[in-house]
Amino acid sequence: MSDKQKQEFLRQARPLAKSLMHHAKTAGAKYGITDVKIAIHANTERDTEIERGAVAKSVGGTTHSVSITLYAGNRKLSFTKNTLGETALKNAMTENMKAIHLVPETPDARLLEKEKVYTGPQPNLNLYDITQPDNDKLISYAREVEAAALEVPGAKAVRSVSISKNESHSLIAATNGLRLENSKTLYQAGATVVAEDENGMQIDGEYSVARHFCDMAAPKTLGRKAALNAVAKLGADLPDTGEYSIVLDHDAAQSFFNSVFQAIDGTAVHRDATFLKGKIGQRVMSAEVTITDNPLLRKGVSSQSVDSAGVKSEEITFIENGILKHFNASLTESRKLGLEPIGRENGRTNSRVKPGIETPDELISDIKDGIYIQGFNGGKVDVNNGTYSRQAYGKRIRNGKITDEAVDGFVVSGNLKEMFMNISLADDTPPQPGSKYSLAAPTTRIDKVMIAGR
Amino acid sequence: MAIEKPSAKENPAPKSQDFDLLKKIYDGSGLTPETAKQLVTDGLKDADYGEFYYEVTERESLTKDKGEYTNISLGSSDAGFGFRVGREGRVGYAYSDTFNESALKDAITQAQTVLEDEHTAAPQKKGGYGRTTDALYAAKNPMQSMDVAEKIAKLDEIEAHIKSLDPNVTNVTLGYRATSKTVHIITEDGTALLDTRPNVSLAIQIQVEDENGNRETGMHLLGGPIDVKELFDDAAWKDGARQALEQAKTLLIAEDAPAGKMEVVLNQGWPAVLLHEAIGHGLEGDFNRRGISVYSGKLGQKVAADSVTVADQGDLPGERGSLHFDDEGTPTQENILIENGILKAYMQDRQNALLMGDKPTGNGRRETFRDTPMPRMTNTYFKPGAHDPEDIIKSVKDGLYIKDMGGGQVDITSGKFNMNATLGYRIRDGKLCEPVKGATLVGDGLTVIQSIKMVGNDLTLEKSAGMCGKNGQSVIVGCGQPTVRVSNMTVGGTKK
């Protein structure tokens, strides 16, 4: 592994990309091929599961993929194959060249204009861990996670403890001058723990994710947190049906604020399928909500300096003091909506809800009877009409304090149009990197929410 | 529905297409089926279970949205192999997208490292590989009977038809997808298996708007292990379009669902996704082997109402979840999981069957060659009961009828689930009344199957929807049920 694999990838990918581009130009001429975009990826993973201190499962392998998009004027046709075999790829290209005249025109889907492709210097975002730990180190990390989980009173068993190391390399090149070479590492560890008492079993977990191994959560902390999460759910009951103030912890807040991104998604806007369509410049959330998105975060899980369309990625404020500033649109969607591309071809990057002023304790202090939500399980979010209906679990809040009374199985029912306006924020947005969140949000309070329970 | 079991053929004669496929797989690998078999069986000598699994998936897709083809992808493929070696609870697995002699040897060596420490006991092999039959679906590429121009013309025709049905249609989204997955397995006893698994689908989404600017979307899915010609059968898509439009229009006038405990009647067919989530997952062997399912340790016990019989059956002809053999080379079969309320069996893969002293049940499945198999459902359904579905609705004084279900989630340890009902109707005095939307059904699986009051005689298996995710792996599944009445279910509604 390490730098050697990166060099080996580029040694194969660079001439392959060149040869495929050449094929598009020469063999493609008689089929009217005007442009081509080639994306070559290699991915190596090693995934280890631990059970009772021993390796229960070890999975490893390397795979590749080559995606080729051909353009003939306003026509576009693509395919992906997981081989670096030049002949197979060229044959598939030729097949698609022959078929492209059958494809209807989609002018908005053409490549980025040559003069707009970013070709300037790119900052080193430090997404590639050169000090990669060996397998034994990963195994001992997972062992420590499991041991720490099982030490927690009430923890009965672990469903799984795993750690994976992923190394990926990519080369993207297109006839508009786009050329990107990226190498990244990613570590993910997770523990799912079952807790049991006389009333039955509960399951929950915790995970950690980072580009560099040194940024992973301490294994003891991770294991302990996973077990505590499960134990905390023991004896959970349904709250009474009614209207409550709810307070979301960091996990639940990340999940909730994701619906902002669903509602400002370029596809949804273009399809007329979101209630935030046409609301740029308008107040759509409480005045204290500001949501930024920073692709240039060093070691960030979702960092990039140029998006895969070739647009430079910079920090954007999507919501500023409750006012909608941008839709989260790809290049094609931007053209359809008549907007400038924002460098988010692959969606949002490292997003962050700015902290509020009050401490979490202060935020909760005047709630006489409320619910502290620690997680959502599935449910339905419909940004077309704002319907928000999701099952959740957590603790009761009584007299301004979070109690030990666990609640589970109830449904948070509301409408995002109102929920967005009834938000107040604490001052504790988790750090990035340094936390598992790609959308970091502080403890969040939402008033007047309908809870369906008993 | 009458479920007919095809006659089992132990060793169907190899077809010429099989020779062609094998030739394609082995071409340029420096291996033959015989030399590969030797390497694999040697590599699995000390294993309790394991196999060589090769797969090539060809795929294509077309998406038309707002009058424009936003995606056309033709000629994509994904191919590779994995070698798995298992000893009791430990599994080593190595995969690669390059298939040749040295890659296979490397994979065998790498996978075996997990078994490094020595064994004294002889491996406990289970045997029993093979295929149920070769007649559950046509084992061939389903997308070749129409060319791309014909497919584009068909999608254009469907879109134009839908727009002509109603002037309030504001958007039509059509998504066509087809895959052809060829699987080649060599098991520890040298059994070599080959199958091609077709799957095609057409998703029809229709957005409508009322005079106040309110919008709703209706959706209908078509497809299954069928040929693309059958998918684009005029009567089928016209009916699908009609249903999607009707759903969207009904949602426009639907009221918010009430919240609270109530009598719920579940429609036949797709609402069985509740059975899949709330009961099916809890009966998968891996969770029970670890003792972390609500059904753990309850074999032979009464877990459901007398009228409840639940089966998972991978050998039903023409159903979504059907397979001639599972991804470990075990023939699929009918597994009665719950019979007249008594828990009878779990669904097993090879590892968990071994560890629980059980037999493999043909439920070892994986998403791709990058993944190891685990116990998964195939086609899961409630066996029909005696009641006429109309009588079931008539029996409810005040309740909720769930016509269309969305998706949902389950926590297999507590058994708690939540399911989104896309469209329902209030039942008052035994009659279907106003439509309602936004209902979420919540509860735990055990309570639901104990609270089933009536089971209809109208079993239908859902033909076209159903993808199941578990531990990050997604596989195609089928589910079905007759009309079912459940007492005292918690409904999370949005009505204030």
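So that the names make sense, note that chain A is the first sequence line, chain B the second, and so on, each numbered from 1.
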Region of [X] in contact with chain A, defined by heavy-atom distances below 4.5 Å:
X	answer
B:D78	both
B:T372	side chain
B:F417	backbone
B:N418	both
B:S293	backbone

Options [options], ranked by heavy-atom pairs under 4.5 Å with chain A, top entry:
options	answer
B:M419, B:E58, B:Q207	B:Q207
B:N214, B:D411, B:T490, B:D444	B:D411
B:I292, B:D147, B:N171	B:I292
B:D286, B:I152, B:V410	B:I152
B:T173, B:N420, B:V294	B:N420

Less than 4.5 Å to any heavy atom of chain B: does that hold for the side chain of [X], its backbone, both, or neither?
X	answer
A:T83	neither
A:S162	neither
A:A54	neither
A:N96	side chain
A:N385	side chain
A:V158	backbone
A:V194	side chain
A:A56	both
A:E95	neither

For a 4.5 angstrom cut-off between non-hydrogen side-chain atoms, does [X] reach [Y]?
X	Y	result
B:R215	A:D272	yes
A:E45	B:Y95	yes
A:N82	B:F369	yes
A:T63	B:R370	yes
B:K66	A:H270	yes
B:E68	A:K336	yes

What are the two closest heavy atoms between [X] and [Y], and how far apart are they?
X	Y	result
B:K416	A:Q202	NZ-NE2, 4.1 Å
B:E216	A:D382	OE1-OD2, 4.4 Å
A:P104	B:I72	CD-CD1, 4.1 Å
A:L102	B:A149	CD2-CB, 3.9 Å
B:L74	A:A99	CD1-CB, 4.4 Å

Inset, instruction - Please report the C-alpha distance between B:S76 and A:K81 in whole Å, then the side-chain angles of each, then the deciding distance to 0.1 Å, and finally whether the side-chain hydrogen bond (donor to acceptor under 3.5 Å, both in side chains) criterion is met. - result: CA-CA 5 Å; B:S76 291; A:K81 280 191 182 295; over 6 Å; no
Legend entry - Any residue meeting salt bridge (Lys or Arg N to Asp or Glu O under 4.0 Å) with B:D156, in chain and number order, not counting sequence neighbours: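 Scan of B:D156 (salt bridge (Lys or Arg N to Asp or Glu O under 4.0 Å), adjacent residues dropped) gives B:K64.
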Legend entry - Which of A:S58, A:G200, A:G60 touches chain B most, by non-hydrogen pairs under 4.5 Å: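 Max contact count across the listed options: A:G60.
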Inset, instruction - State the OG-CZ distance between B:S61 and A:F79, to the nearest 0.5 angstrom. - result: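 B:S61 atom OG to A:F79 atom CZ measures 13.5 Å (nearest 0.5 Å).
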